[in-house]
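Single-structure report; data block below.
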Amino acid sequence: MAFVVTEACIRCKYTDCVAACPVECFHEGPDFLVIDPAACIDCGVCVPECPVEAIYDEKDLPPEQHEYIALNKRLAAQWPLITTAQDPLPDADHWAEQKNKRGLLTENTEQV
């Protein structure tokens with residue numbers, strides 16, 4: 001089982017997790033990060049690094065976040081690898097506490 005980035009990351013995109021990852025399994029979209037489940041080694045070092053608690057072990061994923069398992073797998077195949085930490089999105093602090101952000105996810109990297 002791999003770790004999964006969930007809804008809390010949408011429109012925040014803090015990248016502290018990327019800097020901690022020993023195997024470079026994060027991929028970057030316009031306003032969200034995902035974990036490639038084929039590259040993740042299940043070490044969990046990314047979990048405590050996320051300031052919005054967006055990363056879960058797949059087995060501990062809340063039921064309402066299960067769609068993110070397939071979403072991480074699909075988008076990791078489409079989005080570029082990110083290997084270094086970057087600044088979060090400019091309004092990340094505003095979005096950090098927001099709920100129900102799934103409809104705001106930008107999947108197409110050409111829309112930005």
Side-chain angles (χ1 to χ4, degrees):
M1 295 211 163
F3 283 78
V4 178
V5 181
T6 62
E7 182 181 85
C9 181
I10 296 172
R11 298 262 171 126
C12 293
K13 208 169 112 176
Y14 294 98
T15 57
D16 308 72
C17 53
V18 173
C21 181
V23 294
E24 300 179 348
C25 66
F26 283 89
H27 291 255
E28 175 185 26
D31 54 13
F32 187 55
L33 299 173
V34 294
I35 293 174
D36 179 352
C40 178
I41 60 170
D42 304 331
C43 67
V45 298
C46 55
V47 174
E49 299 300 322
C50 180
V52 295
E53 300 178 353
I55 304 171
Y56 288 84
D57 187 325
E58 186 177 325
K59 69 177 174 39
D60 298 326
L61 201 60
E64 67 275 10
Q65 300 289 314
H66 276 201
E67 74 171 291
Y68 287 86
I69 296 170
L71 189 66
N72 274 243
K73 182 178 181 180
R74 179 170 55 84
L75 295 176
Q78 298 172 13
W79 288 352
L81 187 67
I82 177 173
T83 59
T84 58
Q86 302 172 1
D87 290 336
L89 294 176
D91 54 354
D93 290 342
H94 166 75
W95 289 104
E97 300 298 322
Q98 303 296 317
K99 304 290 183 200
N100 301 315
K101 299 187 288 183
R102 175 64 179 94
L104 302 173
L105 175 63
T106 305
E107 294 189 26
N108 186 345
T109 56
E110 295 175 6
Q111 291 178 336
V112 179

Compare every heavy atom of [Y] with every heavy atom of [X], then report the nearest pair and how far apart it is.
X	Y	answer
V52	Y14	CG1-CE1, 3.7 Å
V45	P22	CG2-CD, 3.8 Å
I82	T84	CG1-O, 3.5 Å
E24	T83	CD-CG2, 3.5 Å
A39	V23	O-CG2, 3.4 Å
V5	I55	CG2-CG1, 4.2 Å

Could you tell me whether K101 atom NZ has more than 12 heavy atoms of other residues or ligands within 6.0 Å of it?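 Correct, the count exceeds 12.
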
With a 6.0 Å cut-off (strictly less than), is the heavy-atom count around CD of Q78, excluding the residue itself, greater than 12?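 Counting other residues, nucleotides and ligands, CD of Q78 exceeds 12 neighbours.
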
Testing C9, C50, C46 for side chain to side chain contact (heavy atoms under 4.5 Å, CB included) with L33, which one passes?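 Result for side chain to side chain contact (heavy atoms under 4.5 Å, CB included) with L33: C9.
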
Decide whether L104 and L75 are clustered together by the hydrophobic rule: side chain heavy atoms of Ile, Leu, Val, Met, Phe, Trp, Tyr closer than 4.5 Å, transitively.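 The answer is yes; both residues are in one hydrophobic cluster.
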
Are the side chain of E58 and the backbone N or O of V4 linked by a donor-acceptor pair below 3.5 Å?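 Not confirmed, E58 side chain does not pair with V4 backbone.
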
Measure from the side-chain N and O atoms of E28 to the backbone N and O of W79, and report whether any donor-acceptor pair falls under 3.5 Å.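 Absent.
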
In Å and rounded to the nearest 0.5 Å, what is the [atom1] to [atom2] distance from [X] to [Y]?
X	Y	atom1	atom2	answer
Q65	T6	CD	OG1	4.5 Å
H66	L71	NE2	CG	14.0 Å
F3	C17	CZ	SG	12.5 Å
E7	E67	CD	CD	8.0 Å
Y68	R74	OH	CZ	11.0 Å

One pair to check against side chain to side chain contact (heavy atoms under 4.5 Å, CB included): F26 and I35. What are the steps and the verdict? CA-CA 5 Å; F26 283 89; I35 293 174; 3.4 Å; yes

Derivation and outcome, side chain to side chain contact (heavy atoms under 4.5 Å, CB included), residues W95 and L89: CA-CA 9 Å; W95 289 104; L89 294 176; over 6 Å; no

Are side-chain heavy atoms of V47 and D60 found at a separation under 4.5 Å?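 Counting from C-beta outward, V47 and D60 never come under 4.5 Å.
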
Hey, does D36 have a side-chain heavy atom less than 4.5 Å from the side chain of H27?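 Yes, close enough: below the 4.5 Å cut-off.
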
Any salt bridge between D31 and K13, counting N to O under 4.0 Å?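 No, no charged N to carboxylate O under 4.0 Å.
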
Run the salt-bridge test on R102 and E107 with the 4.0 Å N-O cut-off and return the result as yes or no.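 E107 and R102: salt-bridged.
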
